[in-house]
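Here is the structure we will look at.
Numbering starts at 1 and runs along the sequence shown.
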Amino acid sequence: YARIQAPTAKALPRFSEWIGLSPSESPRTVPLLKAVDAACDQGRWRSQVAVFVFESRGWTIFNDLSGYLASISAERWKAFAGSDELIVAGYNDAVPYGQLIVVRDGNVIREFLDDRQDPAENVNRGELSTEKRTPIKDWIAAASFVDGDDLASPPESGLLCMFG
């Protein structure tokens with residue numbers, strides 16, 4: 001997921017411009033458990049980018065359904081964040097893979113990637129104040145960060161947004 005400290009009305013148009021892809025259809029409200037089915041047609045993605053979007057306590061959260069956002073660099077995320085705080089985090093325990101990027105005040109303050117399939121790409125720069133107690137040093141710790149982020153827990157329904 002990616003979460004930005006901005007209301008959805010501000011974050012969604014910025015996201016569309018940032019990824020450089022036009023919406024393939026208007027955003028629509030869908031149940032969380034039906035979001036992937038709604039973004040697919042006979043098992044194939046109907047667009048390049050599919051995200052489930054919702055707002056939580058002043059943050060807009062983009063849950064990446066199609067996997068498009070996983071390969072975006074911290075510098076590119078910084079461009080999306082602008083002056084707003086941004087957190088990008090995710091993991092895949094089948095691979096194993098974990099990532100965390102934090103942008104604050106226009107600066108990347110934390111960049112972490114532990115990709116067991118491609119260790120040459122691993123990155124571990126910066127530190128969050130919360131890491132004094134529990135450092136993020138492997139994909140499992142990144143997964144714990146994701147699982148412990150109550151702001152990113154999706155509601156029963158949200159916006160399905162598709163681009164490209």
Side-chain angles (χ1 to χ4, degrees), residues 1-6 8 11 15 18-19 30-40 43 45 47-82 84-163:
Y1 69 88
R3 66 175 168 95
I4 188 166
Q5 196 169 23
T8 302
F15 181 83
W18 173 74
I19 62 171
V30 298
L32 169 65
L33 298 177
K34 300 285 184 183
V36 171
D37 289 340
C40 291
W45 294 110
S47 63
Q48 274 184 277
V49 180
V51 289
F52 182 80
V53 180
F54 59 96
E55 200 167 317
S56 179
R57 298 193 305 242
W59 292 77
T60 298
I61 293 84
F62 295 85
N63 275 343
D64 183 11
L65 303 176
S66 56
Y68 183 87
L69 303 177
S71 62
I72 294 175
S73 71
E75 285 301 308
R76 187 148 177 247
W77 280 113
K78 183 172 90 169
F80 173 58
D84 295 313
E85 185 166 345
L86 173 82
I87 296 173
V88 178
Y91 71 94
N92 183 335
D93 55 359
V95 177
Y97 165 96
Q99 178 181 32
L100 174 65
I101 297 169
V102 179
V103 179
R104 194 174 290 144
D105 298 322
N107 297 299
V108 177
I109 63 163
R110 185 67 168 111
E111 181 179 13
F112 176 83
L113 173 65
D114 181 16
D115 183 349
R116 299 291 167 95
Q117 288 186 330
D118 193 2
E121 296 298 316
N122 290 352
V123 177
N124 191 357
R125 292 187 196 105
E127 184 178 71
L128 301 175
S129 60
T130 56
E131 290 185 79
K132 301 282 186 235
R133 287 172 282 141
T134 311
I136 296 172
K137 58 184 185 301
D138 58 22
W139 75 269
I140 295 169
S144 293
F145 179 92
V146 171
D147 292 344
D149 187 355
D150 64 333
L151 283 175
S153 296
E156 290 184 20
S157 65
L159 290 176
L160 173 62
C161 302
M162 300 195 312
F163 304 89

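- If you take CD1 on I136 and CD on E131, they are separated by 4.0 Å, rounding to the nearest 0.5 Å.
- The two residues V53 and F62 come nearest to each other via the heavy atoms CG2-CD2, 3.6 Å.
- Closest approach of W77 to V88, counting heavy atoms only: CD2-CG2, 3.5 Å.
- Contacts of K137 classified as side-chain hydrogen bond (donor to acceptor under 3.5 Å, both in side chains), with partners at least two apart in sequence or in another chain: none.
- The line from CG of L160 to OG of S47 is 7.5 Å long, rounded to the nearest 0.5 Å.
- Here CD1 of I61 is found 9.5 Å from CD1 of I87. Values are rounded to the nearest 0.5 Å.
- Side-chain contact between V30 and D37: absent, with no pair of heavy atoms (C-beta onward) separated by less than 4.5 Å.
- Results of the side chain to side chain contact (heavy atoms under 4.5 Å, CB included) test with L86 over V108, V103, I101 single out V103 as the only residue that passes.
- For the pair F112 and A142, the tightest heavy-atom approach, listed with the atom from each and the gap, is CE2-CB, 4.1 Å.
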Taking only distance into account, with no hydrogens and no angle test, what donor-acceptor pairs under 3.5 Å do side-chain atoms of residues 118-126 form with protein atoms, sequence neighbours excluded?
{"residue": "N122", "atom": "OD1", "partner": "D115", "partner atom": "N", "Å": "2.7"}
{"residue": "N124", "atom": "OD1", "partner": "R110", "partner atom": "NH1", "Å": "2.6"}
{"residue": "N124", "atom": "OD1", "partner": "R110", "partner atom": "NH2", "Å": "3.1"}
{"residue": "R125", "atom": "NH1", "partner": "E111", "partner atom": "OE1", "Å": "2.6"}

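- Ring pair F54/F52 is tilted by interplanar angle, where 30° to 60° counts as tilted.
- The two residues I19 and Y68 have their closest heavy-atom pair at O-OH, 4.3 Å.
- Evaluation of the salt bridge (Lys or Arg N to Asp or Glu O under 4.0 Å) rule for D147 yields no partner, not counting sequence neighbours.
- One distance of note links CD of E85 with CH2 of W59; it measures 4.0 Å at 0.5 Å rounding.
- For the residue pair Y1 and V146, the shortest heavy atom distance occurs at CE2-CG1, 3.9 Å.
- The OG atom of S73 sits 12.0 Å away from the CG atom of L113 when rounded to the nearest 0.5 Å.
- Checking side-chain atoms of D138 against main-chain N and O of I140 turns up a donor-acceptor pair under 3.5 Å.
- For the pair W139 (side chain) and N92 (backbone), a donor-acceptor distance under 3.5 Å is absent.
- Within the structure, every pair that satisfies the salt bridge (charged side-chain N to carboxylate O under 4.0 Å, His left out) test and touches residues 53-66, not counting sequence neighbours, is listed here: R57-D150.
- Annotation: ring-ring contact (aromatic ring centres under 6.0 Å, His included) contacts involving residues 140-163, sequence neighbours excluded, comprise F15-F163.
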Worked verdict on F80 versus I72 for side chain to side chain contact (heavy atoms under 4.5 Å, CB included): CA-CA 11 Å; F80 173 58; I72 294 175; over 6 Å; no
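- Note on residues 153-163: no pairs pass side chain to side chain donor-acceptor pair (under 3.5 Å), not counting sequence neighbours.
- Formation of a donor-acceptor pair under 3.5 Å by the T60 side chain with backbone atoms of I4 is not found in this model.
- Shown here for L100 and A89, the closest heavy-atom pair between the two residues is CD1-CB, 4.0 Å.
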